[in-house]
Structures are given as structure tokens and as C-alpha cells.
*Asks:* 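Here you go, one structure.
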Amino acid sequence: MPRQIFQLKMSLAGVRPPVWRRVLVPAGYTLDRLHRVVQHAMGWRDCHLHSFEIDAVQYGEPDPDGELALHDELDVRLDAVLGKGSRFYYTYDFGDWWEHDLVVEDALTADPDERYPVCLDGERACPPEGVGGPPGYQTLLVALADQGDPAGHADPQHAMLRDWAGPTFDPSHFDPDRTTTLLRRFA
């Protein structure tokens, strides 16, 4: 029987302009493998806790202290809980609270000549870790756009945020080919 592939669109909630990715993943992946796909497709560094919510059920890494009531993500295959048209949620970093809306846009037959996962498309760079969630990211975008007054004097807070983000951070940049390489290497 040919393998089934899900086409997923993942969008970062509460962020404007939108940050999103479209990926192809095997439907037989478990949720822990999908976690790695989301991390590498979006550009996160997997430094924080995460969870999935599917049909009002929470999944993630089991909490050894039992404080979080999560079903074990290692035990759940995508095709057992999702199908074409399914919408579900992934939350990363419970401090900054990065919420991702995920939709299974299509269910396809695997191309025998293709390696999965694949990033088909996307838009904009992932926010830097530790920026303070969607509100902090919005503040960073304002700081990056601040060219200062005619004499070149920028708001000192904005200059500090630009320095923190670093000279290579470009919020408008996204490379699906590089993302596919990362997905195949690490997911």
C-alpha cells in the first residue's frame, strides 16, 4: 500500500505580517516527529516546552512531575487523529506562548521518487527565541523599521533591540529549499 502524505499549513498566530510554512509529511509520523518538523520548518531551536491540541486533547512530552496532563506524543500517529481538513494547534514556549494554527490541507499518495518531509513554501522569518511572544516581536519589528530622525538618531530602545536581534536577522527572509534540507537532516 502506498504511503500517505499530509500537506500541512502551519501559521504563527497573533503575528502580522503573517509567518507561515507549507510542508509535506508522512501521515504515519508520530506527534513527536511532527514537533521536530514544526521546529525546523518554522526556525525555532527547540529550547522550550511544547504541546499539541487536537480535538480538545493535549499531547506532548509526558511531565515527570505530573503537573501537565498531556497524552504522550510518542504514542500518537498523525493518521490516527487527523485527516484532510483537520485543524489543530501547536504551542511552543509556554512563557512567550507561540501558538501555531495547523491545517491538513490535503492527503496525497507519496511520490516514490521524493524524500519527505519537504517544505513547499512559506513566508517570512521565524521570530527570534526569547523576544517576548507576539507583542515582543511586534516591538522588535517597529525597532527594525526605525531609521531614526533626519540626523540618524534612533530611539535608544530601538537601537538596543536591533543590536539584540543581530545584523543577520531579516524578518522578510524565508528559504524553503534550506528548510527542506534542515527537515531532512533533523526531522
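Quantities reported herein were computed from a predicted structural model and do not represent experimental measurements.
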*Asks:* Is there a side-chain contact between Ser51 and Tyr89, using heavy atoms and a 4.5 Å cut-off?
*Replies:* no

*Asks:* With no hydrogens and no angle check, is any side-chain donor or acceptor of Gln39 less than 3.5 Å from a backbone partner on Asp46?
*Replies:* yes

*Asks:* Quick check for you: to the nearest 0.5 Å, what is the distance between Asp93 atom CG and His48 atom NE2?
*Replies:* 4.0 Å

*Asks:* Give a yes or no on whether the backbone of Asp146 and the side-chain of Arg162 come within a donor-acceptor separation of less than 3.5 Å.
*Replies:* yes

*Asks:* Please determine whether the number of non-hydrogen atoms from other residues, nucleotides or ligands lying under 6.0 Å from atom NE2 of His71 exceeds 12.
*Replies:* no

*Asks:* To the closest 0.5 Å, what do you measure between CG (Leu108) and CD (Gln4)?
*Replies:* 8.0 Å

*Asks:* Could you tell me which non-hydrogen atom of Leu31 sits nearest to which non-hydrogen atom of Phe52, and how far apart they are?
*Replies:* O-CE1, 3.4 Å

*Asks:* Could you name each residue pair satisfying side-chain hydrogen bond (donor to acceptor under 3.5 Å, both in side chains) that touches residues 175-187, not counting sequence neighbours?
*Replies:* Glu114-Arg184

*Asks:* Please list, chain by chain and in numerical order, all residues satisfying salt bridge (Lys or Arg N to Asp or Glu O under 4.0 Å) with Glu61, sequence neighbours excluded.
*Replies:* none

*Asks:* With hydrophobic residues grouped by side-chain heavy-atom distances under 4.5 Å, do Phe169 and Val131 end up in a single group?
*Replies:* yes

*Asks:* Less than 4.5 Å apart, any side-chain heavy atom of Asp75 and any of Thr30?
*Replies:* no

*Asks:* Has Asp72 got a side-chain atom pairing as donor or acceptor with Leu74's backbone, closer than 3.5 angstrom?
*Replies:* yes

*Asks:* Which atom pair, heavy atoms only, marks the closest approach of Ala27 to Leu78?
*Replies:* O-CB, 3.3 Å

*Asks:* If the plane angle is over 60° it's perpendicular, under 30° parallel, otherwise tilted; pick one for Tyr90 and His35.
*Replies:* tilted

*Asks:* Pick one: which of Gln58, Arg33, His50 meets side chain to side chain donor-acceptor pair (under 3.5 Å) with Glu73?
*Replies:* His50

*Asks:* Is it the case that over 12 heavy atoms from other parts of the model lie below 6.0 angstrom from the CG atom of Asp55?
*Replies:* no

*Asks:* Locate the shortest heavy-atom distance separating Cys119 from Pro176; write the atom from each residue and the value.
*Replies:* CB-O, 3.8 Å

*Asks:* Rounded to the nearest 0.5 Å, what separates atom CG in Leu102 from atom CG in Leu82?
*Replies:* 9.0 Å

*Asks:* Show the nearest heavy-atom pair for residues Ala13 and Pro134, with the distance to one decimal.
*Replies:* O-CG, 4.0 Å

*Asks:* Nearest 0.5 angstrom please: Glu105 CD to Leu120 CG, how far?
*Replies:* 9.0 Å

*Asks:* Report the C-alpha distance between Val23 and Phe6 in whole Å, list the side-chain angles of each, state the deciding distance to 0.1 Å, and finish with yes or no for side chain to side chain contact (heavy atoms under 4.5 Å, CB included).
*Replies:* CA-CA 8 Å; Val23 296; Phe6 282 163; over 6 Å; no

*Asks:* Between Val37 and Pro117, what is the shortest heavy-atom contact and its length?
*Replies:* CG2-CG, 4.2 Å

*Asks:* So, for Tyr29 and Leu34, which heavy atoms are closest and what is the spacing to 0.1 Å?
*Replies:* CD2-N, 4.5 Å

*Asks:* Hey, is the main chain of Asp111 close enough, under 3.5 Å, to the side chain of Tyr116 for a donor-acceptor pair?
*Replies:* yes

*Asks:* Can you run down the salt bridge (Lys or Arg N to Asp or Glu O under 4.0 Å) pairs that involve residues 117-143, sequence neighbours left out, and say none if there aren't any?
*Replies:* none

*Asks:* Which value, rounded to the nearest 0.5 Å, describes the distance between His40 atom NE2 and Met42 atom CE?
*Replies:* 13.5 Å

*Asks:* Distance under 6.0 Å and angle within 45° of the ring axis: does Arg21 meet both against Phe174?
*Replies:* yes

*Asks:* Kindly indicate, with the supporting measurements, whether the criterion side chain to side chain contact (heavy atoms under 4.5 Å, CB included) is fulfilled by Val118 and Leu183.
*Replies:* CA-CA 7 Å; Val118 174; Leu183 287 173; over 6 Å; no

*Asks:* Do Leu70 and Pro62 make a side-chain contact, defined as non-hydrogen atoms from C-beta onward lying under 4.5 Å apart?
*Replies:* no

*Asks:* Look at the aromatic rings of Tyr92 and Trp44 and report parallel, tilted or perpendicular, splitting at 30° and 60°.
*Replies:* tilted

*Asks:* Hey, could you give me the CG/CZ distance between Leu141 and Arg16, rounded to the nearest 0.5 Å?
*Replies:* 12.5 Å

*Asks:* Check whether any side-chain heavy atom of Val19 lies under 4.5 Å from a side-chain heavy atom of Ser11, and answer yes or no.
*Replies:* no

*Asks:* Check the pair Thr91 / Trp97 against side chain to side chain contact (heavy atoms under 4.5 Å, CB included), numbers first and verdict last.
*Replies:* CA-CA 6 Å; Thr91 302; Trp97 203 260; 3.7 Å; yes

*Asks:* Report yes if the side chains of Leu12 and Trp20 come closer than 4.5 Å at any heavy-atom pair, otherwise no.
*Replies:* no

*Asks:* Let me check something: do Val103 and Val15 share a hydrophobic cluster, defined by ILVMFWY side-chain heavy atoms less than 4.5 Å apart, either directly or through other members?
*Replies:* no

*Asks:* Less than 4.5 Å apart, any side-chain heavy atom of Met10 and any of Val38?
*Replies:* yes

*Asks:* Using only atom types and a distance under 3.5 Å, with no angle test, would you say the side chain of Asp96 pairs donor to acceptor with the backbone of Trp98?
*Replies:* no

